[in-house]
K.L.:
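Pasting a structure here, questions to come.
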Amino acid sequence: MKLTISRNELNDAVQQVSKAVSARTTIPILSGIKIDAHAQGITLTASDTDISIQSFIPLETADKVISTIHRAGSVVLPAKFFVEIIRKLPHEEVNIEVGDRFQTLIQSGAIDIQLMGMDPEEFPVLPVLEEERVFSIPGDILRTMIRQTVFSVTTSESTPILTGVLWSLAEGVLKFVATDRYRLATCKVNAGVDPGLHFSNVVISGKTLNELSKIIPDHNVLVDIVVADSQVLFKVGNVLFFTRMLDGTFPDTTKIIPNQFKTELFLNTKALSEAIDRAYLLSREEKTNIVRLSTTEDGSVEISSSSSELGRVQEMLTVEKLDGEPIRIAFNSKYMLDVLKVVDSENLFIGFNGPMSPIIFKPEHDNSLHLILPYRTTN
């Protein structure tokens with residue numbers, strides 16, 4: 001294999017696929033990035049068996065030549081060094097040549113680097129998926145749905161299915177659900193797809209979705225999604241992102257979300273977030289993160305927290321609307337802040353059914369819903 005390529009184009013592709021390289025793999029070949037040079041262009045691939053990412057670099061675009069293939073071939077190069085080398089090369093043009101026993105010479109300007117490559121025949125073959133369930137969604141919408149749900153997955157490996165986000169598609173509506181049993185986040189959007197296309201119990205790791213979100217570019221692009229029996233493929237421009245579904249059945253969470261509330265609040269999201277953040281400063285010192293919210297007779301809301309060593313903070317908030325019974329409730333302020341960080345609406349509805357029932361959050365202008373469980377306290 002021998003090729004000449006633009007450093008910027010190569011670096012972009014390397015950065016994308018390197019997200020699939022595991023730092024602690026016991027399989028040596030998976031510590032590398034596979035490079036294939038062929039008549040159509042250059043393909044880079046990385047995999048950790050759970051996710052695989054492939055990026056294609058064409059020979060040219062409408063306005064410039066990107067790469068030249070002098071001799072077709074393949075090699076697997078150690079990702080740990082290859083990623084850093086390409087990122088730090090000073091010259092715009094990079095030459096890569098593979099010799100005997102996959103010894104690889106990388107040249108750029110006055111720099112010559114030799115890397116010991118590995119046999120590409122040992123690299124796992126990417127799955128071939130039946131493209132029966134395929135739909136497309138704008139990248140910005142997909143990133144928003146991931147951001148508004150993925151923070152609620154559990155980090156405990158004792159319940160592997162809850163480390164992922166549940167995907168379902170029915171009657172053209174795509175829905176995400178995530179929970180760690182103490183909080184829940186849902187988000188749905190009209191995907192504008194064939195109403196006959198549907199699936200359920202597709203659970204994708206939260207870590208994987210975070211990596212996918214980084215690959216979706218800032219400028220709006222359509223993401224094509226292929227849902228197969230045990231794998232999901234995301235097509236983002238010239239990048240293919242494969243991931244395995246998590247095994248198991250996701251718990252039914254529909255029955256824990258109430259439709260009616262004894263107390264209803266409607267208030268400014270930013271004002272609430274800033275008040276909770278200030279109260280959190282003291283609550284974190286107690287290692288409990290407990291903050292209390294209570295309504296007052298004059299229609300305001302009191303946010304408070306205390307520390308046995310530092311003291312107490314108390315703040316009054318003006319609300320847009322308050323209906324129903326008085327409420328005094330304690331909750332994990334870190335969980336509350338996590339919700340408020342992903343709310344894009346200026347105003348927020350909060351529903352209560354008593355001090356020991358779930359707290360429900362509904363942003364004013366999007367289709368997300370969040371739930372956190374309150375704390376039982378002695379006062």
Side-chain angles (χ1 to χ4, degrees), residues 1-22 25 27-62 64-87 89 93-99 102-108 115 117-129 131 208 211-212 214-217 221 223-226 228 231-244:
M1 184 184 85
K2 184 177 181 181
L3 60 91
T4 302
I5 188 169
S6 160
R7 182 202 60 192
N8 289 338
E9 301 286 346
L10 177 59
N11 184 56
D12 287 346
V14 166
Q15 295 298 326
Q16 288 167 339
V17 301
S18 65
K19 294 175 174 60
V21 178
S22 173
T25 182
I27 307 171
I29 197 71
L30 295 184
S31 66
I33 294 174
K34 184 183 179 186
I35 306 172
D36 291 295
H38 42 82
Q40 290 74 40
I42 300 163
T43 303
L44 275 66
T45 310
S47 176
D48 67 357
T49 69
D50 287 327
I51 67 171
S52 301
I53 304 176
Q54 186 172 85
S55 181
F56 173 70
I57 306 171
L59 297 179
E60 58 186 40
T61 60
K64 68 174 181 177
V65 174
I66 297 174
S67 60
T68 302
I69 309 300
H70 306 291
R71 185 172 70 247
S74 303
V75 70
V76 177
L77 297 178
K80 181 178 180 181
F81 302 103
F82 186 57
V83 170
E84 290 298 311
I85 286 169
I86 299 303
R87 185 170 63 86
L89 289 178
E93 190 175 90
V94 180
N95 296 296
I96 301 176
E97 183 174 4
V98 179
F102 306 107
Q103 183 166 308
T104 302
L105 175 64
I106 300 174
Q107 294 178 310
S108 180
L115 279 182
M118 293 174 278
D119 187 351
E121 293 296 323
E122 297 179 10
F123 201 86
V125 178
L126 292 186
V128 178
L129 307 185
E131 300 196 6
T208 295
E211 295 301 333
L212 172 65
K214 296 173 187 176
I215 284 177
I216 300 172
V221 297
V223 178
D224 297 325
I225 303 173
V226 181
Q231 297 258 0
V232 181
L233 166 61
F234 300 90
K235 301 179 180 179
V236 188
N238 287 330
V239 177
L240 302 181
F241 188 110
F242 295 82
T243 179
R244 289 170 52 188

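Source: prediction; values computed, not measured. Throughout, numbering of the chain's residues begins at 1 and tracks the sequence.
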K.L.:
Within this structure, what is the CD1-OG distance for the pair I29 and S47, rounded to the nearest 0.5 Å?
P.N.:
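Between atom CD1 of I29 and atom OG of S47 there are 11.0 Å.
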K.L.:
So, taking the atom named NZ in K80 and the one named OG in S18, what distance separates them when rounded to the nearest 0.5 Å?
P.N.:
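Answer for the NZ-OG pair, K80 versus S18, is 14.0 Å.
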K.L.:
Give me the atom names and distance for the closest heavy-atom approach of A20 to A46.
P.N.:
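So the minimum-distance heavy-atom pair works out to CB-O, 3.5 Å.
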K.L.:
Under the side chain to side chain contact (heavy atoms under 4.5 Å, CB included) test against E97, which residue among Q107, M1, R71 passes?
P.N.:
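Only match with E97 under side chain to side chain contact (heavy atoms under 4.5 Å, CB included): R71.
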K.L.:
Carefully, step by step, assess L77 and I35 under the rule side-chain contact (heavy atoms from CB on, under 4.5 Å).
P.N.:
CA-CA 8 Å; L77 297 178; I35 306 172; 3.7 Å; yes
K.L.:
So, taking the atom named CG in L59 and the one named OG in S67, what distance separates them when rounded to the nearest 0.5 Å?
P.N.:
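Answer rounded to 0.5 Å: 4.5 Å.
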K.L.:
Considering only heavy atoms from C-beta outward, does the side chain of R244 approach that of I51 to under 4.5 Å?
P.N.:
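Answer no - side chains too far apart.
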K.L.:
Measure across A228 and L129 and return the closest heavy-atom pair with its distance rounded to 0.1 Å.
P.N.:
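Result for this residue pair: CB-CD2, 4.1 Å.
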K.L.:
How close do S31 and V21 get, heavy atom to heavy atom, and via which atoms?
P.N.:
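Shortest heavy-atom contact: O-CG1, 4.0 Å.
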K.L.:
Go through the steps for Q54 and L44 under the test side-chain contact (heavy atoms from CB on, under 4.5 Å), then give the verdict.
P.N.:
CA-CA 6 Å; Q54 186 172 85; L44 275 66; over 6 Å; no
K.L.:
Out of curiosity, D36 CG to T43 OG1, how far, rounded to the nearest 0.5 Å?
P.N.:
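Result: 6.0 Å between the selected atoms.
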K.L.:
Does some side-chain heavy atom of F242 sit less than 4.5 Å from a side-chain heavy atom of V232?
P.N.:
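No. Closest side-chain heavy atoms not under 4.5 Å.
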K.L.:
Out of curiosity, S55 OG to N238 CG, how far, rounded to the nearest 0.5 Å?
P.N.:
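Between atom OG of S55 and atom CG of N238 there are 6.5 Å.
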K.L.:
Could you walk me through whether K235 and L233 pass the side-chain contact (heavy atoms from CB on, under 4.5 Å) test, one step at a time?
P.N.:
CA-CA 7 Å; K235 301 179 180 179; L233 166 61; 3.7 Å; yes
K.L.:
So do V17 and T45 actually touch side chain to side chain, heavy atoms under 4.5 Å?
P.N.:
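Heavy-atom side-chain distance check fails, nothing below 4.5 Å.
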K.L.:
Using the side-chain contact (heavy atoms from CB on, under 4.5 Å) rule, take I53 and I215 through it: C-alpha gap first, then chi angles, then the decisive distance, then the call.
P.N.:
CA-CA 10 Å; I53 304 176; I215 284 177; 3.8 Å; yes
K.L.:
Over all heavy atoms of both residues, which pair between A79 and I33 is shortest? Give the atoms and the distance, please.
P.N.:
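Looks like CB-CG1, 3.8 Å.
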K.L.:
Are side-chain heavy atoms of I66 and I57 found at a separation under 4.5 Å?
P.N.:
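Yes, at least one pair of side-chain atoms sits under 4.5 Å.
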K.L.:
Would you mind checking if K34 and E121 are paired as a salt bridge, meaning a charged N to carboxylate O distance below 4.0 Å?
P.N.:
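Looking at K34 together with E121, the answer is no, because their closest N to O distance does not fall below 4.0 Å.
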K.L.:
Counting N and O atoms only, with roles assigned by atom type, does the side chain of K19 sit under 3.5 Å from a partner on the main chain of Q15, one being a donor and the other an acceptor?
P.N.:
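Side chain of K19 to backbone of Q15: a pair is present.
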K.L.:
Are the side chains of D50 and T243 in touch, meaning some heavy atoms are under 4.5 Å apart?
P.N.:
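Counting from C-beta outward, D50 and T243 never come under 4.5 Å.
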K.L.:
Parallel under 30°, tilted from 30 to 60°, perpendicular over 60°: which one fits the rings of F56 and H38?
P.N.:
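Rings of F56 and H38: parallel, under 30°.
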K.L.:
Identify the heavy atoms of V76 and D119 that sit nearest to each other, and give their distance.
P.N.:
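So the two residues come closest at CG2-O, 4.3 Å.
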K.L.:
If I compare all heavy atoms of R87 with all of N11, which pair ends up nearest, and what's the gap?
P.N.:
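Taking every non-hydrogen atom into account, CA-OD1, 3.5 Å.
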K.L.:
Tell me if the NZ atom of K2 is crowded by more than 12 foreign heavy atoms within 6.0 Å.
P.N.:
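Counting other residues, nucleotides and ligands, NZ of K2 stays at 12 neighbours or fewer.
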K.L.:
Indicate yes or no: at least one non-hydrogen side-chain atom of F82 is less than 4.5 angstrom from one of T104.
P.N.:
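F82 vs T104: side chains apart.
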K.L.:
Checking S108 side chain against E93 main chain: does a donor-acceptor pair fall under 3.5 Å?
P.N.:
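Yes; at least one donor-acceptor contact below 3.5 Å.
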K.L.:
If we ignore hydrogens and angles and just use 3.5 Å, is the side chain of R7 paired with the main-chain N or O of L89 as donor and acceptor?
P.N.:
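Yes, R7 side chain to L89 backbone: donor-acceptor pair under 3.5 Å.
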K.L.:
With heavy-atom distances below 4.5 Å as the criterion, would you say the side chains of V236 and P217 are in contact?
P.N.:
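The answer is yes; the side chains approach within 4.5 Å.
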K.L.:
Looking at CG of L240 and CG of L126, how far apart are the two atoms once the value is rounded to the nearest 0.5 Å?
P.N.:
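Rounded to the nearest 0.5 Å, the CG-CG separation comes to 8.0 Å.
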K.L.:
Would you indicate whether the side-chain heavy atoms of V75 and M118 approach each other to under 4.5 Å?
P.N.:
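Not touching, per the 4.5 Å side-chain cut-off.
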